[in-house]
Q: 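One structure, as structure tokens, below. Some questions next.
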Amino acid sequence: MAKKINFNDFWQLFRWVQIALWSLVLFVIIFFIGVNAGMLGEMPDLEAIQNPNNNVSTTVYSADAEVLGTYYSENRIEVGYDDLSPYLVQGLVATEDKRFYDHSGIDMKGLFSAILGPLIGHERGGASTITQQLAKNLFHQNFHKAGRFERMKQKLKEWVLAAKIERMFSKEEIITLYFNTVEFGNQSYGIKTAAFTYYGKTPKELKPGEAALLIGLVNAPAKLNPKKHPERAAERRNIVLKRMLEASIITQPIYDSLSQKKVRLSFHSPDYREGIATYMRENLRQELKGWCEKNKKPDGTPYDIYRDGLHVYTTIDSRMQRYAEGAIKEHLKYLQDLYFKEWKGKEPWKSGERAKPELLEKSMVQSQHYQDLKAAGKSDDEIRTIFNTKTEMTIFSYTGDNGTFNKDTLMSPLDSLRYYLQVIQCGFLAVDVHTGQIKAWVGGPDLKYFQLDHVKKSTKRQVGSTMKPLQYAVAIERGWDPCHLVEYIKPNCGDNNWDPAGTKKWKDGDLVPMQEGLWYSDNRMTSNLMCEFGPHALVDMARKLKIESPLDAVPSLCLGVSDISLSEMVGAYTIFANLGVYSKPYYITKITDKKGNVLATFNEEHAMAIDPVVAYTTTEMMKGVMNRGTGAALRPHYGLSTLTIAGKTGTTQSNADAWFMGITPDIVAGCWVGFEQPSVHFYSTNTGQGASAALPVVGKFLSKSYGDYYLKLSPTKSFPVPSDSVLNINFDCAVVPKDTTDGTPTP
């Protein structure tokens, strides 16, 4: 006979089970309240969750909206949801959290799958949702190396934070926050930085295979680094592609095609010393640090360029910057090869007017390597042995490996010093004549190897004949016109032995139109103008043209013996091109915070410097330099036959410095070419004069810039004319030869 069921016992058991379940629920609620209150460690408050304090890079933009670079402690640039490729969003969900849109931060199905899956013979599922991963990313709770108990605490805190995040943010906002916080390796934090670092693209431009590779990196960015471990990265990418196929994000043919491809990157190093406009960015970095010290955030603390996500907008045009850098690389590669052939087996610092025979020895003793060896107790003989022992090293070279400036070689430390003394240096600056906006800035060949910026005002070299237009402007200002006849004789001022070499284009005693002295850069003609008006007049003119460098009021000043920076010279030449108005060169337009609030603006600065007629007349005379004088090679060699251009070449003693200043109605472009040490120089004038060493850089730059339709530069545009009165200025002159019958000039 069956035992009779006791319903009272059953009901009692049911009540105890119910009490136990409700107790468990109550315990869980109380427990999580305790976790939220900090029972397992400090938890972020509401404000911290709504305003996560991520370190965000300061981003530098070009005038044409290209990202030039960043300054960072964590290289992170934030984006919005609309800036994300749909392949990124859908691929992330398919791979990391396929029930993302159905749960509220904790995927219970995924959790039970992770716990029970292995027990029933199923593949273990993922338990951590995108929201939980975001919680960990936001608050840097990394316990990968901690014990089991710490990891358990971490997971419980993630659950609480995930629930909070789900209440505060929409699913789109959570996805956006996730992509802005996750690390992708190679110093790239956030999807915008990663897309640029690995592919040179914006997140919206990423294709399925590219999106899949980046999504795959989030689990183990170091282990799956596509630059170091392309096979691992490809394997993980294919797993993501498989998930995208299963979610019908991509089709089978697309999966079959992409999964067979090798990893191909367009890698852009986040190192601020790489990319374009590196010298400008380094100068900007120093300037911004000073700005941050003086400007405070709403909470009273100074801004930090490495953490506060500032946006800095510059005047640099990325296209013109690339044209400038390309012109320098192309020409200096040729020039360096020619230099080494001409000086083969010789040391140039041991000859010339500025020779320093002891230069190599001093360079060795002053080097950090020498000082370190000395501090380690090495004797002089031991140090010299080390300096003469060949070793493997990577050096700078214009003919570097794989299109870079890096070249692996076997060389002794002393030979490397000898080599670097002879590497050709350069400085280039292009400025909009009307606004003063700097469009291209190249301070040297490569910032990683050469930190000295040859554009800055603190870096100065003898300017040679680029000083001469200022002397001719003095003469114009004092009432002389371009056809004023100057007797071609030894100058009668200064030291009695002062007799600068002329071009020998005219005979002693010939009466030569003043403008031709400028065309052909004749030292004797220019010196006679100096004798007529005196050195103080030239100093005054230089000051009017905003040249601030110290200038000695001596006769040879007119020949460019004073040291002046490239930025000062380019600024001065804007005055000639702009009817006497000085347009101060500048390169920052505004600074905003990471939310776009404008913190500072930088505007154009203009000032009337010299009379418009003086500026116009000097510029017209410099057009003759380009039409028939020392700059005449520019037009035919660089396809600029219709370009309206004025300019001046410059060469200094022993061919140590080569200059060219080019002026168009739109741009002033100045270039200096030389060496870090003035005692190092070119072998010959044919190689080292301004027309050979510096003019080609400007010619190549102008050819590319004026050939770029999108820059909207017109080669046929004319220089402005101040008034109808200048039409009476005569530029059609003739040389009056010396009368050979009695030795006096013919009237």
Q: Any donor-acceptor pair under 3.5 Å linking the side-chain atoms of Asp64 with those of Ser62?
A: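 On atom types as modelled, these side chains qualify, holding a pair under 3.5 Å.
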
Q: Side chains of Trp506 and Asp522: any donor to acceptor distance under 3.5 Å?
A: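 No, no side-chain donor-acceptor contact under 3.5 Å.
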
Q: Are His606 and Ser583 close enough that a side-chain donor and a side-chain acceptor fall under 3.5 Å?
A: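 His606 vs Ser583: donor-acceptor pair found between side chains.
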
Q: Report yes or no: does Arg281 contribute a side-chain atom to a donor-acceptor pair with the main-chain N or O of Ile276 at less than 3.5 Å?
A: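 Indeed, once roles are kept as given, a pair shorter than 3.5 Å links the two residues.
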
Q: Can you measure from CG (Asp708) to CZ (Arg319) and round to the nearest 0.5 angstrom?
A: 6.0 Å

Q: Between the side chains of Thr644 and Lys717, does any donor sit under 3.5 Å from an acceptor?
A: no

Q: Strictly by modelled atom types, are Glu605 and Tyr586 linked by a side-chain donor-acceptor pair under 3.5 Å?
A: no

Q: Quick one: do the Glu342 and Thr687 side chains pair a donor with an acceptor below 3.5 Å?
A: yes

Q: What are the two closest heavy atoms between Pro722 and Pro612, and how far apart are they?
A: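 Smallest interatomic distance, heavy atoms only, reads CB-CB, 3.8 Å.
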
Q: May I have the step-by-step check of side-chain hydrogen bond (donor to acceptor under 3.5 Å, both in side chains) for Asp453 and Thr459, ending in yes or no?
A: CA-CA 7 Å; Asp453 188 334; Thr459 308; 6.0 Å; no

Q: Rounded to the nearest 0.5 Å, what separation is found between the CE atom of Met621 and the CD1 atom of Ile729?
A: 10.5 Å

Q: Could you check whether Lys700 and Ser703, counting side-chain N and O atoms only, form a donor-acceptor pair closer than 3.5 Å?
A: no

Q: Could you check Lys544 against Asp540 for salt bridge (Lys or Arg N to Asp or Glu O under 4.0 Å), going step by step and ending with a plain yes or no?
A: CA-CA 6 Å; Lys544 291 178 183 178; Asp540 290 343; over 6 Å; no

Q: For the pair Tyr573 and Phe576, name the ring-plane relationship: parallel under 30°, tilted 30 to 60°, perpendicular over 60°.
A: perpendicular

Q: Are more than 12 heavy atoms from other residues, nucleotides or ligands located less than 6.0 Å from atom CZ of Phe602?
A: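 Yes.
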
Q: Quick check for you: to the nearest 0.5 Å, what is the distance between Met622 atom CE and Thr617 atom OG1?
A: 11.0 Å

Q: Using a 3.5 Å distance criterion without hydrogens, assess whether the side chain of Ser465 forms a donor-acceptor pair with backbone atoms of Lys468.
A: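 Not confirmed, Ser465 side chain does not pair with Lys468 backbone.
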
Q: With under 30° as parallel and over 60° as perpendicular, where do the rings of Phe340 and Tyr419 fit, or are they tilted in between?
A: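 Correct class here is parallel.
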
Q: Go through the side-chain N and O atoms of Ser714 and Tyr706 and say whether any donor and acceptor fall under 3.5 Å apart.
A: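 There is no such pair (donor and acceptor under 3.5 Å, judged by atom type) between the side chains of Ser714 and Tyr706.
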
Q: Between Gln462 (side chain only) and Val561 (backbone N and O only), is there a donor and an acceptor less than 3.5 Å apart?
A: yes

Q: Quick one, Cys426 with Cys671, criterion disulfide bond (SG atoms under 2.5 Å apart). Give me CA distance, side-chain angles, the key distance, then yes/no.
A: CA-CA 7 Å; Cys426 63; Cys671 180; over 6 Å; no

Q: To the nearest 0.5 Å, what is the distance between CG on Leu640 and CD1 on Ile645?
A: 7.0 Å

Q: Looking at Asp446 and Lys448, would you say the former's side chain and the latter's main chain have a donor-acceptor pair under 3.5 Å?
A: yes

Q: Do side-chain atoms of Gln451 reach the backbone of Leu447 as a donor and acceptor pair under 3.5 angstrom?
A: yes

Q: Please check if any side-chain donor atom of Tyr587 sits under 3.5 Å from a side-chain acceptor atom of Asn283, or the reverse.
A: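 On atom types as modelled, these side chains qualify, holding a pair under 3.5 Å.
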
Q: Any chance NZ of Lys333 has more than 12 other-residue heavy atoms, nucleotides or ligands included, within less than 6.0 Å?
A: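 No, not enclosed.
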
Q: Thr574: what forms a side chain to side chain donor-acceptor pair (under 3.5 Å) with it, not counting sequence neighbours?
A: none

Q: So, Ser549 versus Lys460: side-chain donor-acceptor pair below 3.5 Å or not?
A: yes

Q: Taking Ser692 for the side chain and Gly688 for the main chain, is one N or O donor matched with an acceptor at less than 3.5 Å?
A: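 No: the side chain of Ser692 does not pair with the backbone of Gly688.
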
Q: Should Lys439 and Asp432 be marked as a salt bridge (Lys or Arg N to Asp or Glu O under 4.0 Å) after you check the CA-CA gap, both sets of side-chain angles, and the distance that decides it?
A: CA-CA 7 Å; Lys439 296 301 180 183; Asp432 184 308; 5.4 Å; no

Q: Do Arg322 and Glu325 sit within salt-bridge range, that is, some charged N less than 4.0 Å from a carboxylate O?
A: no

Q: Determine, stepwise, if the pair Ser318 / Gln321 fulfils side-chain hydrogen bond (donor to acceptor under 3.5 Å, both in side chains).
A: CA-CA 5 Å; Ser318 68; Gln321 181 70 31; over 6 Å; no

Q: ring-ring contact (aromatic ring centres under 6.0 Å, His included) between Phe682 and Phe675: does it pass, once the steps are laid out?
A: CA-CA 9 Å; Phe682 289 100; Phe675 303 87; 5.0 Å; yes

Q: Take Lys623 and Glu620, measure what salt bridge (Lys or Arg N to Asp or Glu O under 4.0 Å) needs, and give me the verdict at the end.
A: CA-CA 5 Å; Lys623 284 170 64 176; Glu620 288 294 305; 3.3 Å; yes

Q: For a quick test of reading the model, state the closest non-hydrogen atom pair linking Ala577 to Val433 and the distance between them.
A: CB-CG1, 3.9 Å

Q: Should Met569 and Ile547 be marked as a side-chain contact (heavy atoms from CB on, under 4.5 Å) after you check the CA-CA gap, both sets of side-chain angles, and the distance that decides it?
A: CA-CA 7 Å; Met569 293 302 292; Ile547 292 175; 4.0 Å; yes

Q: Measuring centre to centre across the rings, with the benzene-like ring taken for any Trp, is Phe428 within less than 6.0 Å of Trp441?
A: no

Q: Please tell me whether Asn528 and Tyr488 have a donor and an acceptor in their side chains that are separated by less than 3.5 angstrom.
A: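 No, no side-chain donor-acceptor pair sits under 3.5 Å.
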
Q: For the residue pair His484 and Trp480, categorise the inter-ring angle as parallel (less than 30°), tilted (30 to 60°) or perpendicular (more than 60°).
A: parallel

Q: Would you say the rings of Phe396 and Phe450 are close, in the sense that their centroids are separated by under 6.0 Å?
A: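 Yes, they do, as the ring centres are separated by less than 6.0 Å.
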
Q: If we ignore angles and hydrogens, is there a donor and acceptor under 3.5 Å between the side chains of Thr630 and Thr649?
A: yes

Q: Would a distance-only check, ignoring hydrogens and angles, find a side-chain to backbone donor-acceptor pair under 3.5 Å from Thr589 to Tyr313?
A: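 Indeed, once roles are kept as given, a pair shorter than 3.5 Å links the two residues.
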
Q: For residues Met626 and Gly631, report the shortest heavy-atom separation together with the two atoms involved.
A: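 Smallest heavy-atom distance, with atoms named: CE-O, 3.3 Å.
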
Q: Minimum heavy-atom separation for Gly580 to Ala615, with atom names?
A: N-CB, 3.3 Å

Q: Distance check, rounded to the nearest 0.5 Å: Ile328 atom CD1 versus Ile424 atom CD1?
A: 12.0 Å

Q: With a 3.5 Å distance limit and no angle check, can you tell me whether His331 reaches the backbone of Ala693 through a side-chain donor-acceptor pair?
A: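 Side chain of His331 to backbone of Ala693, a donor-acceptor pair under 3.5 Å: yes, one is there.
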
Q: Is it the case that the ring center of Tyr323 lies less than 6.0 angstrom away from the ring center of Phe701?
A: no

Q: Take Tyr472 and Met525 through the test side-chain contact (heavy atoms from CB on, under 4.5 Å) and record every step on the way to the result.
A: CA-CA 10 Å; Tyr472 285 81; Met525 286 283 291; 3.9 Å; yes

Q: Give a yes or no on whether a salt bridge exists between Asp657 and Arg354, defined as a side-chain N under 4.0 angstrom from a carboxylate O.
A: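 Salt bridge present between Asp657 and Arg354.
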
Q: Is it true that the side chains of Glu568 and Ser565 contain a donor and an acceptor less than 3.5 Å apart?
A: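 A pair is found: one side chain offers a donor N or O, the other an acceptor, under 3.5 Å apart.
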
Q: Measuring from Lys505:NZ to Ser521:OG, what's the distance to the nearest 0.5 Å?
A: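 Reported to 0.5 Å precision, the distance equals 12.5 Å.
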
Q: For Glu353 and Ser654, work out which heavy atoms get closest and say how close.
A: N-OG, 2.9 Å

Q: Between Asp508 and Arg524, is the closest basic N to carboxylate O distance under 4.0 Å?
A: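 A salt bridge is present here (some side-chain N lies under 4.0 Å from a carboxylate O).
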
Q: Taking CG in Asp499 as the centre, count heavy atoms belonging to other residues, nucleotides or ligands within less than 6.0 Å. Is the count above 12?
A: yes

